[in-house]
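Working notes for the structure below.
Remember, it's a predicted structure, so these values are computed and weren't measured experimentally. Residue numbering restarts at 1 for every chain, and letters A, B, ... go by the order of the sequence lines.
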Amino acid sequence: MAARLEAAEPGPKYRGLDRLPGQQISAVERRGKFLVLPLLRQGRHLEDLIIHLGMTGVLSAAPPERPQHLRVSLDLSPGGAPVILGEAQPDGDRLYFSDIRRFGRFLLTPAGDYRELPTLQAMGPEPLGPDFTPATLEAALARSNMALKTYLLSQKPVAGLGNIYVDEALWRAGLHPLEPALNADVAKLPALHQAIRDVLTESIAAQGTTLNDYRTVSGDGGSFQERLQVYGRSGQACRRCGSTIERLVIGGRSTHYCPRCQPLRSRRRR
DNA sequence: CGCATTTCCTGGTAGC
DNA sequence: TGCTACCAGGAAATGC
């Protein structure tokens, strides 16, 4: 299909979109939390359109319910009428990007070259793919003195983990979020590997975690929030041991854990 | 280089 | 009621 930029808010959040005219979106792929859309110009794959939804970004074929949050509108059919941002348009061959908090990003990059996106460039294996194994996890963690929480959020040991899922996986594996990665109990790493896979698989099956804004592409909320064991449960009883779930701020991120199920072996040197 | 901290951004909500 | 302050977080930018 053709991809013609109709309108986007100016500024650095949506870069290179003026090069979309004349290109075709040939596929929709994903690496971690980034969408990768290979573009064809006269049959040649020269650029990728990278999209990150951020916290509240939503792609849709139908106009967003709240037009004031429309940020980007692409006309996928030649000859479509122009769109003014902030005004919903009738259904058509369009792709809308709505984003309340403006954390989402669009970027055109040279095909397969992600040097402008350091997180994508350095991203670890897909969590549900064959390249993510207990051995690769152990090897990655051995390379960093960062707190487990921080390092898992970096996308380097494994792709795709966000704040909620790191907390849940560490609880399942019995690892303290402040534990330096290289000091983590190696005997627990197979459990961490499995916990990461299980948490993500279960959440996907539950259509995700809807705390506030998250909706599936069909507009429904997910239900994994009903199965969270630590995230958002500070002050409540651990469902495994009955201790009180605690909350910390690590790397500026709210972190929830059970002090009894997740003992800290060593403090980080500083 | 490695790691910590700050920044971006809006809506919801607590507190007064 | 209406106002201010604060919180939520993925990744980049900035600081040390």
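- In terms of the ring-ring contact (aromatic ring centres under 6.0 Å, His included) criterion, A:F103 has no residue partners (sequence neighbours excluded).
- Spacing between atom NZ of A:K156 and atom C1' of B:dC1 amounts to 11 Å, rounded to whole angstrom units.
- The separation between A:F103 atom CZ and B:dT10 atom P is 10 Å, rounded to whole Å.
- Counting to the nearest Å, the C1' atom of B:dT5 and the CE atom of A:M146 are 12 Å from each other.
- Among the heavy atoms of the strands lying under 4.0 Å from A:F34 are primed sugar atoms or P, OP1, OP2 only; no base atom is included.
- Rounded to whole angstrom, the span from the CD1 atom of A:I100 across to the C1' atom of B:dC8 amounts to 16 Å.
- The span of DNA chain C lying next to chain A, judged by atoms under 4.0 Å from heavy atoms, is bounded 5' to 3' by C:dA8 to C:dA12.
- Contact annotation: A:R102 reaches the phosphate of B:dT10 (side-chain N/O to OP1 or OP2, under 4.0 Å).
- For CD of A:E29, the number of neighbouring non-hydrogen atoms (other residues, nucleotides, ligands) closer than 6.0 Å is greater than 12.
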Distance-only criterion, 3.5 Å: show the donor-acceptor pairs between side-chain atoms of residues 161-171 of chain A and protein atoms not counting sequence neighbours.
{"unit_1": "A:N163", "atom_1": "OD1", "unit_2": "A:K149", "atom_2": "NZ", "d": "2.6"}
{"unit_1": "A:N163", "atom_1": "ND2", "unit_2": "A:S254", "atom_2": "O", "d": "2.9"}
{"unit_1": "A:Y165", "atom_1": "OH", "unit_2": "A:S203", "atom_2": "OG", "d": "2.6"}
{"unit_1": "A:Y165", "atom_1": "OH", "unit_2": "A:T209", "atom_2": "OG1", "d": "2.7"}
{"unit_1": "A:D167", "atom_1": "OD1", "unit_2": "A:K149", "atom_2": "NZ", "d": "2.7"}
{"unit_1": "A:D167", "atom_1": "OD2", "unit_2": "A:H256", "atom_2": "N", "d": "2.8"}
{"unit_1": "A:D167", "atom_1": "OD2", "unit_2": "A:H256", "atom_2": "ND1", "d": "3.0"}
{"unit_1": "A:E168", "atom_1": "OE1", "unit_2": "A:Q229", "atom_2": "N", "d": "2.8"}
{"unit_1": "A:E168", "atom_1": "OE2", "unit_2": "A:Q229", "atom_2": "N", "d": "3.2"}
{"unit_1": "A:E168", "atom_1": "OE2", "unit_2": "A:V230", "atom_2": "N", "d": "2.9"}
{"unit_1": "A:E168", "atom_1": "OE2", "unit_2": "A:Y231", "atom_2": "N", "d": "2.9"}

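- Comparing the local axis fitted to the first five base pairs of the helix from B:dG2-C:dC16 to B:dC16-C:dG2 with the one fitted to its last five gives a bend of 50°, rounded to 10°.
- Rounding to the nearest 0.5 angstrom, the gap separating the CG atom in A:L70 from the CZ atom in A:F97 is 10.0 Å.
- A continuous path of hydrophobic side-chain contacts links A:L53 to A:L37 [ILVMFWY only; heavy atoms under 4.5 Å].
- Using a 4.0 Å heavy-atom distance criterion, A:S154 is classed as making no nucleic acid contact.
- Residues A:R143 and A:R253 each lie close to DNA chain B; by heavy-atom proximity, the contact nearer the 5' end of the strand is made by A:R143.
- For the atom pair A:L20 CG and A:R41 CZ, the distance stands at 8.5 Å (nearest 0.5 Å).
- For A:Y114, there are no ring-ring contact (aromatic ring centres under 6.0 Å, His included) partners, not counting sequence neighbours.
- A residue-by-residue look at A:L161 and A:R247 shows that A:R247 has its nearest nucleotide of DNA chain C further toward the 5' end.
- For A:L178 and B:dA4, the CG to C1' distance is 14 Å, given to the nearest whole Å.
- One finds a salt bridge joining A:R172 and A:E202 here, because a Lys/Arg side-chain nitrogen approaches an Asp/Glu carboxylate oxygen to under 4.0 Å.
- Rounded to a whole Å, the CE atom of A:M55 is 11 Å from the C1' atom of B:dC9.
- A search for side-chain hydrogen bond (donor to acceptor under 3.5 Å, both in side chains) contacts involving A:D131 returns nothing, not counting sequence neighbours.
- The interatomic distance linking A:D99 (CG) with B:dT10 (P) rounds to 10 Å, in whole Å.
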